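Everything on this sheet refers to the single structure shown next.
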Amino acid sequence: MTKVDFYILNQTEQKQTWLFACRLLEKMYKAKRSVFVLLPNLDELKKFDQQLWTFRDGSFVPHRTLSDPFPADIVLSDDPNI
């Protein structure tokens with residue numbers, strides 16, 4: 001069964017929001033969950049993609065975009081029509 005969770009964050013600063021998202025995705029990866037992340041546009045997707053690789057020393061959150069050919073349980077997209 002598909003489960004959808006929503007998080008309402010008090011902070012409005014993008015840096016803090018993305019850090020929260022990176023930590024959450026790291027937890028989801030470790031729990032072997034599949035996650036789809038929708039970003040507002042391609043520029044934001046590229047920035048968040050980079051953030052996932054660098055948000056914390058020693059972290060590893062394998063992910064992909066829809067155009068990447070390799071498999072990963074965490075998928076980033078900027079296309080809301082998927």
Side-chain angles (χ1 to χ4, degrees):
M1 173 184 259
T2 301
K3 180 179 178 182
V4 177
D5 291 319
F6 293 91
Y7 293 85
I8 299 173
L9 306 177
N10 291 330
Q11 67 265 15
T12 58
E13 187 179 319
Q14 184 180 54
K15 182 178 178 180
Q16 293 300 319
T17 300
W18 281 9
L19 182 58
F20 173 84
C22 288
R23 289 178 179 158
L24 180 61
L25 289 174
E26 185 176 43
K27 285 182 180 181
M28 295 296 100
Y29 164 68
K30 290 178 179 179
K32 299 182 183 340
R33 302 287 185 177
S34 296
V35 182
F36 180 81
V37 181
L38 180 62
L39 285 302
N41 57 55
L42 184 58
D43 185 51
E44 295 292 306
L45 183 145
K46 289 178 181 179
K47 289 177 186 175
F48 187 68
D49 178 34
Q50 183 63 35
Q51 181 82 21
L52 272 173
W53 294 119
T54 61
F55 77 95
R56 185 172 57 82
D57 288 342
S59 68
F60 181 69
V61 181
H63 61 280
R64 69 179 186 94
T65 64
L66 287 177
S67 61
D68 292 331
F70 55 86
D73 289 333
I74 297 174
V75 179
L76 310 180
S77 178
D78 66 332
D79 185 355
N81 299 313
I82 302 293

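In what follows, residues are counted from 1 in the order of the sequence shown. From a predicted model like this one, the values you see are computed outputs, not experimental measurements.
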- prompt: CG/L76 to OG/S67 distance, rounded to the nearest 0.5 angstrom?
  reply: 10.0 Å
message: Please report the interatomic distance CG(D49) to OG1(T54), rounded to the nearest 0.5 Å.
response: 9.5 Å
query: With a 4.5 Å heavy-atom cut-off, do L38 and P80 have their side chains touching?
result: yes
- request: Quick one: closest heavy-atom pair of L39 and L45, and the distance?
  value: CG-CA, 3.8 Å
message: Restricting to side-chain contact (heavy atoms from CB on, under 4.5 Å), what partner residues turn up for T17, sequence neighbours left out?
response: L9, Q11
Validation row: V4, F6 side chains within 4.5 angstrom (heavy atoms): yes
message: Do D43 and K47 have side chains that approach each other closer than 4.5 Å (heavy atoms only, starting at C-beta)?
response: yes
query: Under 3.5 Å, is there a donor-acceptor pair between the side chain of D73 and the main chain of S34?
result: no
task: Kindly indicate whether the side chain of P71, heavy atoms from C-beta on, has any atom under 4.5 Å from the side chain of R64.
output: no
task: Could I get the full list of side chain to side chain donor-acceptor pair (under 3.5 Å) partners for Q16, not counting sequence neighbours?
output: none
statement: In this structure, CD1 of I74 is separated from CZ of R33 (nearest 0.5 Å) by 12.0 Å
task: Step through the shown structure and confirm whether more than 12 heavy atoms of other residues, nucleotides or ligands are within 6.0 Å of CZ on R56.
output: yes
- prompt: Has the side chain of S59 got a donor or acceptor atom that lies under 3.5 Å from a matching backbone atom of F55?
  reply: no
message: Under 4.5 Å between side-chain heavy atoms, counting indirect links through other Ile/Leu/Val/Met/Phe/Trp/Tyr residues: same cluster for V61 and F36 or not?
response: no
message: For W53 and F60, take the angle between the two ring planes, folded into 0 to 90°, and tell me which bin it lands in: parallel under 30, tilted 30 to 60, perpendicular over 60.
response: tilted
message: Could you measure the distance from the CZ atom of F48 to the CD atom of Q51? Nearest 0.5 Å is fine.
response: 7.5 Å
task: Using ring-ring contact (aromatic ring centres under 6.0 Å, His included) as the criterion, list what pairs up with F70, not counting sequence neighbours.
output: none
message: Is any side-chain heavy atom of V75 closer than 4.5 Å to one of V35?
response: no
query: Does the side chain of H63 reach to within under 4.5 Å of the side chain of L25, using non-hydrogen atoms?
result: no
Worked check of side-chain contact (heavy atoms from CB on, under 4.5 Å) between R23 and L19: CA-CA 6 Å; R23 289 178 179 158; L19 182 58; 3.6 Å; yes
